Structure formats: C-alpha cells, structure tokens
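In what follows, every chain begins at residue 1, and chains take the letters A, B, ... in the order their sequences are listed. Everything numeric in this text was worked out from a predicted model, so none of it was measured. Note that these values count all heavy atoms, side chains included, but never hydrogens, waters or copies made by symmetry.
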Number of protein chains: 2
Amino acid sequence: MVRPGHWGVRARVERFSEPALLLLLLERPTHGYELLEALPHVTGEARVDMGNLYRVLRGLEEDGLVTSRWEAGEPGPAKRTYELTVEGRRLLDEWAAALRGSRERIDTFLHRYERR
Amino acid sequence: MVRPGHWGVRARVERFSEPALLLLLLERPTHGYELLEALPHVTGEARVDMGNLYRVLRGLEEDGLVTSRWEAGEPGPAKRTYELTVEGRRLLDEWAAALRGSRERIDTFLHRYERR
DNA sequence: CAATACATGTGTCTTTTACATGTAGGTAGA
DNA sequence: TCTACCTACATGTAAAAGACACATGTATTG
C-alpha cells in the first residue's frame with residue numbers, strides 16, 4: 001500500500017536482481033558496471049540501483065558466494081571482476097527452485113482469475 | 001540485501017496478497033478474518049500478516065476499491081464484510097496483466113538457467 | 001578543455017513487510 | 001461463574017528492501 005491513492009501495480013519478484021546477477025555470473029565472470037547493463041535484459045526491465053547492486057556484490061563476496069579480482073592491463077577505469085563460487089552456484093539453484101514455485105503460484109492465480 | 005549470512009530465498013511477488021484478496025472478493029463478498037484464512041490457499045504460502053491485511057482493506061475502501069458494511073444478526077463477533085467495486089475490479093485486471101508479465105520474466109529466467 | 005561515458009562506491013530516506021500487542025464479544029467446559 | 005479459547009478488528013513499531021542523491025576518479029570524444 002500504504003498512502004492512499006497509490007495502488008501501483010508492478011508484480012515484481014522480491015530481490016529478483018540477486019538470482020539474475022548470479023545467472024549472469026554463471027554464464028561468465030563479469031564486472032559490476034557490465035552487470036548493471038545486462039541485468040535489465042534478464043529481469044525484463046526492472047531498474048537496478050547501482051548503489052544497491054555494488055552493495056549486494058560485496059555482501060555476496062563477504063559470504064563466499066562470489067570472488068572478485070581487480071582487472072589490470074585494460075584501458076579505462078579499473079574493473080572489479082566477479083566470479084561465481086560453488087556455494088554461489090548452490091544459491092542460484094535454490095533461487096531457480098523457488099522461482100519455479102512462484103511461477104506455479106502465479107499460474108494458479110491466473111487460472112482462478114480467468115474462470116471469472 | 002539481507003544481513004550477511006542470510007541469503008534467504010523466497011521469490012515472493014511483492015504485495016501478492018493484494019491481488020489475492022481482490023480475487024477472493026471477486027468470487028464473493030467476505031470479511032477480513034475469513035480472507036486471512038483463505039489467502040494462503042491463493043498465494044500458496046502462509047505469511048499473511050493480519051495487521052497489514054486490515055490496513056490494506058481500510059486503504060482499499062478509502063480509495064473506493066472496495067465497500068464494506070457491518071454484518072448484523074449473525075452469531076459471534078461483528079464482522080465487517082467487504083465487497084469489490086467496479087474500480088476494484090479494474091485494479092484486479094491490472095494485477096492480472098502485470099502477473100502475466102511476471103510469469104513471462106520468470107520463464108525467461110528459468111529457460112536461460114536450464115541451458116547451463 | 002569541456003562534456004560525456006565508464007566504473008566503483010557511500011549516505012540516507014521512504015516504502016513495504018514482519019512482529020508484537022491491544023480490545024472485545026462469544027462459546028464451551030470445569 | 002470463571003477461565004480458557006476462538007473469532008474478529010485494530011494499532012504500534014522494528015526490520016528489511018528499495019529508491020534517491022551524491023562523491024570520486026579514469027578515459028574518450030568533439
């Protein structure tokens with residue numbers, strides 16, 4: 001809700017950017033800014049806040065779900081490249097399972113809605 | 001992000017209880033407590049906070065999306081029965097459209113995940 | 001050399017969700 | 001009858017998630 005007159009309908013999946021970036025990292029090691037640009041393609045238009053994204057990445061690293069290294073040699077600003085760990089992969093698997101559940105709940109809802 | 005060490009995976013749809021209760025009200029007028037018990041069947045998961053539910057109901061009414069009346073005569077505590085308005089129905093339609101979008105985004109994600 | 005794009009970050013506020021508690025009528029049994 | 005429990009509606013507040021604003025620095029391009 002909560003302030004009256006604002007019944008914005010988005011139907012976003014909570015923290016969807018998390019599994020999305022894990023998936024991108026599964027496909028290949030990437031740095032933050034690139035993830036920022038690639039994420040909307042996965043999430044389908046969800047705008048990702050870059051501040052929060054970098055925080056999530058550091059949090060993931062803190063807990064050993066990704067590792068990072070500074071990319072040297074390339075032109076341009078220094079990049080911190082992230083890579084998925086085995087535990088990160090497991091977390092992604094969990095997300096995939098949970099998302100299958102979500103899809104089913106949405107399906108159920110829509111069928112019930114369409115009966116009316 | 002969650003506090004470090006707590007990468008809880010739920011894949012909930014934001015404010016899913018809103019369209020869920022609109023759908024229940026589309027099926028028939030109902031009072032709050034009954035919605036509270038019926039909601040988990042629609043959303044597929046427990047966690048519906050009754051405090052928030054009543055707040056949402058009053059908010060919906062404030063904006064003319066539902067109407068309510070106190071049910072008299074019946075045994076037990078007085079019940080406030082809610083009914084969907086035309087505008088409420090429109091909001092539900094919006095939700096249904098948005099949820100179809102969500103389902104598609106999740107599908108896309110899962111296909112991409114399964115390719116790996 | 002100014003504007004723009006790339007790249008990584010911090011600080012903080014608002015919104016949304018979760019947890020806790022309060023009030024009160026009704027019901028069934030010791 | 002009193003007390004334990006269920007129904008029913010409601011408020012208060014903490015925590016989580018997300019949005020907004022801004023800082024810092026490098027390279028590129030017009």
Next on the checklist: Over all strands shown, is E34(A) touching base, sugar-phosphate only, or nothing at heavy-atom distances under 4.0 angstrom?
Outcome noted: nothing
Checklist entry - For DNA chain D, whose closest nucleotide is more 5', that of Y82(B) or that of R12(A)? => result Y82(B)
Item to check | Closest-nucleotide ordering on DNA chain C, the 5'-leading residue of V13(B) and G51(A) | outcome: G51(A)
Checklist outcome for this item: Whichever of E14(A) and A78(B) has the more 5' nearest nucleotide on DNA chain C, that residue is E14(A)
With the side chain of [X] defined as its heavy atoms from C-beta on, choose the nearest nucleotide among [options].
X      : options                   : result
Y33(A) : dG9(C), dC6(C), dG18(D)   : dC6(C)
M50(A) : dT8(C), dA10(D), dG26(C)  : dT8(C)
R10(B) : dA17(D), dC20(D), dG25(D) : dA17(D)
Y54(A) : dA8(D), dG9(C), dA18(C)   : dG9(C)
R55(B) : dA7(C), dG9(C), dA18(C)   : dA18(C)
K79(A) : dT8(C), dT17(C), dA10(D)  : dT8(C)
P77(A) : dG9(C), dA10(D), dA7(C)   : dA7(C)

How many Å lie between [atom1] on [X] and [atom2] on [N], as a whole number?
X      : N       : atom1 : atom2 : result
L57(A) : dG9(C)  : CG    : P     : 9 Å
D49(B) : dA8(D)  : CG    : C1'   : 15 Å
R80(B) : dG25(C) : CZ    : C1'   : 16 Å
R69(B) : dC9(D)  : CZ    : C1'   : 17 Å
E71(A) : dA7(C)  : CD    : P     : 11 Å
L53(B) : dG12(D) : CG    : P     : 18 Å

Next on the checklist: For the residue pair E83(A) / T67(A), report whether a side-chain donor-acceptor contact shorter than 3.5 Å exists.
Outcome noted: no
Next on the checklist: Does dT16(C) have OP1 or OP2 under 4.0 Å away from a side-chain N or O of R15(B)?
Outcome noted: yes
Got a salt bridge between [X] and [Y], using NZ or NE/NH1/NH2 to carboxylate O under 4.0 Å?
X       : Y       : value
E114(B) : R100(A) : yes
R80(B)  : E71(B)  : no
D107(B) : R103(B) : no
K79(A)  : E34(A)  : no

Checklist entry - Going by modelled atom types, is there a donor-acceptor pair between the base of dA18(C) and the side chain of N52(B) at under 3.5 Å? => result yes
